[in-house]
Amino acid sequence: MSKRTAVSLRERYDFIVRVTDVYPDGRSILIIDMIRRARYRDGYEQQVFMEAGEVYKVPFNIGWMSQVFNKGHRIRVTVASTGAPFYEPNPNTGEPITIEFPEKVVVAKNKIHHSPQNASRILAPVNK
């Protein structure tokens, strides 16, 4: 589970969170990833667009996994605003999302907060 506090300069954007196993030689192997369309952050019943520049809490559940990280390995969590071409490209304009790359696109510049007032966190339960 990842709880992100985010602000965007666009009202319509995506988050993609990836968890990878980083080997001692620097290779990074994907374990799991999940995309969250910000317009559905309050549920999939309706689209709720964000106001540019406002700070929002975006709960993000990437699901369960069972992974052994060997000695010398590291866990990497990355957050991005696109998963294309593996997920449908988001034009960040509010236009419908399709599998074809849209003609009109805008760049979404996002910020993940980590201040005491707007802290983000990652919850990673560990079984021993």
Side-chain angles (χ1 to χ4, degrees):
M1 168 77 73
S2 173
K3 293 192 180 269
R4 299 288 177 196
T5 305
V7 62
S8 179
L9 299 179
R10 295 280 169 217
E11 297 83 7
R12 298 147 180 93
Y13 68 97
D14 299 335
F15 277 117
I16 184 165
V17 174
R18 291 184 176 106
V19 177
T20 58
D21 181 351
V22 182
Y23 283 64
D25 64 6
R27 289 179 294 147
S28 182
I29 307 299
L30 178 66
I31 304 299
I32 192 170
D33 68 352
M34 181 63 71
I35 193 166
R36 179 70 184 238
R37 302 216 185 268
R39 63 178 77 188
Y40 297 117
R41 72 192 176 283
D42 294 329
Y44 293 103
E45 295 78 32
Q46 65 177 351
Q47 297 181 42
V48 179
F49 294 113
M50 302 174 87
E51 296 291 325
E54 292 294 318
V55 176
Y56 293 89
K57 291 187 183 217
V58 182
F60 203 107
N61 189 346
I62 63 167
W64 290 95
M65 64 178 174
S66 178
Q67 176 71 25
V68 174
F69 292 93
N70 292 322
K71 186 176 180 180
H73 289 229
R74 293 171 291 151
I75 301 171
R76 177 180 292 155
V77 177
T78 57
V79 180
S81 294
T82 184
F86 302 110
Y87 295 98
E88 298 87 1
N90 186 343
N92 301 316
T93 62
E95 299 294 321
I97 295 174
T98 64
I99 58 172
E100 290 83 27
F101 197 81
E103 290 183 25
K104 180 183 176 191
V105 296
V106 293
V107 174
K109 294 183 180 179
N110 305 313
K111 182 188 294 184
I112 303 298
H113 287 268
H114 51 84
S115 66
Q117 299 82 14
N118 294 302
S120 294
R121 62 185 175 155
I122 297 170
L123 303 174
V126 176
N127 290 332
K128 294 184 179 185

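Since the structure is predicted, the reported quantities are computational estimates derived from the model, not experimental observations.
The distance from the CZ atom of R76 to the CD1 atom of I31 is 12.0 Å, given to the nearest 0.5 Å.
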Hey, mind stepping through T20 and L30 against side-chain contact (heavy atoms from CB on, under 4.5 Å) and telling me if it holds?
CA-CA 4 Å; T20 58; L30 178 66; 4.1 Å; yes

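Across P24 and G72, no two heavy atoms sit closer than the pair CG-O, 3.6 Å.
Taking R74 as the reference, nothing meets the side-chain hydrogen bond (donor to acceptor under 3.5 Å, both in side chains) condition, with sequence neighbours excluded.
Applying the salt bridge (charged side-chain N to carboxylate O under 4.0 Å, His left out) rule to pairs touching residues 24-35 yields R18-D33, D25-R27, sequence neighbours excluded.
Transitive grouping of hydrophobic side chains (ILVMFWY, heavy atoms separated by less than 4.5 Å) brings M65 and V77 into a common cluster. When hydrophobic clusters are built by joining Ile, Leu, Val, Met, Phe, Trp and Tyr residues whose side-chain heavy atoms come closer than 4.5 Å, directly or via intermediates, V22 is not grouped with V19. Both I32 and I75 sit in one connected hydrophobic cluster of ILVMFWY residues. Membership requires side-chain heavy atoms under 4.5 Å apart, directly or through other members.
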